[in-house]
Amino acid sequence: MQAKVTAIGTYVPERIVDNQYFESIVETSDEWIVSRTGIHTRRFAAETEFTSHLCTAAALNLAEENNVTLDDVDFIIVATVTPDQIMPSVASQVQDKLGLTHAGAIDISAACAGFGYGVILAQGLIAAGTHRKVLVFGAETLTKFTNYEDRTSCILFGDGAGCVLVEAAEKGNILAAVAGSQGDGGKDLYISGKRKQINGQDIITDNKIHQNGRAVFKWAVNTVSAQMPVLAQRANLEISDINWFIPHSANMRIIEALCNQTGFPIEKTLESISVYGNTSSASIPLALHRGIREGKVKKGDKLMLIGFGGGLVYAGIVLEWPG
Ligand code: UT7
């Protein structure tokens, strides 16, 4: 059996936070945030709203919008770096909240590349013949781990969740995949746990997000622009055959730099950064769902999705949208 992505759903928390909010807590301006990141607004989860709640709402949105049942989902993968707790997993909480009594459940940790990793793993489970209907989430409550004294990072992050259904089919629609890791960059983007070092280097152990923005920016542009032709080639496509390029929405300037470097037309990219900020693993499904709702993405379109982030890690897939 092959793996087919058949449906998408998303959810974002209600509270919209604009750039003016940050002018009142750190030395920044709407002008700096818009020009350096492309972000206008982001969503903040309520105090009582956690990643499992966002996932559950995204799954219900998927079921409702696509008129499908989730009752026979047999595996749940949640890509997140901001779980409700370290244990139990978010996936198990989602399994319970959705009443999916026949589903296995795991979380995976691949930061902003998590959604792509999740789809790749779902494809493997289906190809192995052990599972037939997998729900894959990219979901974060980053604002619960944000350092609101660090102006270079606090303005970036937002909360949200997206999910896709990956099902067994005679003919799949995941045309290619890439994945990689560069662990020596781990110190450039982290949330600490108990250990006080990464690669022998001291880190700040406040359990908040810390980022060397310039280093990650440079790595992201070099890495993703190098992987785009690799992905296209694995899918037996030219880059010009790609209808929509959906890189992780970390910064509008990264998307522009990728297009400049590769010659890919910026008007054929989809983003979620402008309205939702950087939502890590949720950013790609949020951008894709926006593109579908706006009528841009059509049945049969070739989509190139590439996530990149803390690890440092990246993962990309080429999808033929089912519609
Ligand atoms: O999602 C996972 C992957 N993450 C990424 O891909 C993030 C990649 N990095 C970035 O998006 C950007 O590096 C940032 C948005 C984080 C920062 O933008 P930047 O253009 O790289 O800024 P910078 O850190 O080089 O700082 C430029 C200047 C500095 O001032 P000086 O030293 O030139 O006087 C900063 O202090 O901008 C200053 N600055 C700010 N000014 C106003 C930094 N943050 C702010 C701020 N408001 N919020």
Side-chain angles (χ1 to χ4, degrees), residues 17-42 79-82 109-117 138-143 145-160 162 180-183 185-191 198 208-227 245-261 269 271-274 276-287 305-316:
V17 176
D18 62 17
N19 292 338
Q20 277 77 27
Y21 169 81
F22 292 93
E23 293 176 354
S24 66
I25 61 169
V26 287
E27 204 181 320
T28 191
S29 64
D30 176 55
E31 195 278 328
W32 191 95
I33 298 171
V34 172
S35 63
R36 305 304 291 172
T37 72
I39 300 169
H40 293 267
T41 54
R42 72 288 286 145
T80 188
V81 285
T82 52
S109 170
C112 314
F115 180 72
Y117 272 99
E140 308 286 356
T141 44
L142 293 170
T143 63
F145 294 86
T146 298
N147 175 3
Y148 288 100
E149 288 173 6
D150 174 12
R151 69 173 181 170
T152 65
S153 68
C154 73
I155 50 105
L156 296 171
F157 303 118
D159 302 329
S181 170
Q182 196 182 321
K187 61 188 181 318
D188 289 327
L189 181 48
Y190 63 85
I191 301 173
I198 298 175
K208 303 282 184 210
I209 303 165
H210 293 275
Q211 173 170 259
N212 178 348
R214 280 188 205 183
V216 179
F217 191 114
K218 208 168 144 196
W219 168 82
V221 174
N222 289 336
T223 303
V224 176
S225 61
Q227 291 306 314
F245 175 42
I246 317 171
H248 162 49
S249 268
N251 186 326
M252 204 56 220
R253 287 192 298 125
I254 292 183
I255 299 178
E256 287 162 4
L258 289 171
C259 290
N260 283 338
Q261 200 136 322
T269 60
E271 56 84 18
S272 54
I273 188 84
S274 58
Y276 300 134
N278 180 342
T279 55
S280 190
S281 65
S283 92
I284 289 177
L286 284 173
L305 287 50
I306 307 185
F308 53 85
L312 300 169
V313 281
Y314 63 87

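Below, all heavy atoms of this structure are taken into account, side chains as well, without hydrogens, waters or symmetry copies. Just follow the structure's listing: the first ligand is 1, and inside any ligand the first atom is 1.
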Engineer: Any non-hydrogen protein atom below 4.0 Å of atom 3 (C) of ligand 1?
Structural biologist: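 When distances to the protein are checked, atom 3 (C) of ligand 1 has a heavy atom within 4.0 Å.
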Engineer: Look at atom 32 (O) of ligand 1 and say whether a protein heavy atom is found at less than 4.0 angstrom from it.
Structural biologist: no
Engineer: For Cys112 and ligand 1, answer yes if some heavy atom of the residue is under 4.0 Å from a ligand atom, otherwise no.
Structural biologist: yes
Engineer: What part of Phe217, side chain from CB on, backbone N/CA/C/O, both or neither, has a heavy atom under 4.0 Å from ligand 1?
Structural biologist: both
Engineer: If we count only N and O atoms by modelled type, under 3.5 Å, do the side chains of Thr82 and Glu140 hold a donor and an acceptor together?
Structural biologist: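 Present: a donor and an acceptor within the cut-off.
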Engineer: Please check: side-chain N/O of Thr269 versus main-chain N/O of Phe245, any donor-acceptor pairing under 3.5 Å?
Structural biologist: no
Engineer: Which pair of heavy atoms, one from Ser283 and one from His248, lies closest together, and at what distance?
Structural biologist: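 Heavy atoms only, the tightest pair is OG-ND1, 2.7 Å.
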Engineer: Below the 3.5 angstrom mark, is there an N/O of Arg214, backbone or side chain, next to an N/O of ligand 1?
Structural biologist: yes
Engineer: Where on Leu189 is there a heavy atom closer than 4.0 Å to ligand 1, on the side chain, on the backbone, on both, or on neither?
Structural biologist: side chain
Engineer: Can you find an N/O atom of His248 closer than 3.5 Å to an N/O atom of ligand 1?
Structural biologist: yes
Engineer: Specify side chain, backbone, both or neither for Thr28, according to which of its non-hydrogen atoms lie closer than 4.0 Å to ligand 1.
Structural biologist: both
Engineer: Mind checking whether Ala250 has an N or O less than 3.5 Å away from an N or O of ligand 1?
Structural biologist: no
Engineer: Does the protein place any heavy atom closer than 4.0 Å to atom 23 (P) of ligand 1?
Structural biologist: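 For atom 23 (P) of ligand 1 the answer is yes, since some protein heavy atom falls inside 4.0 Å.
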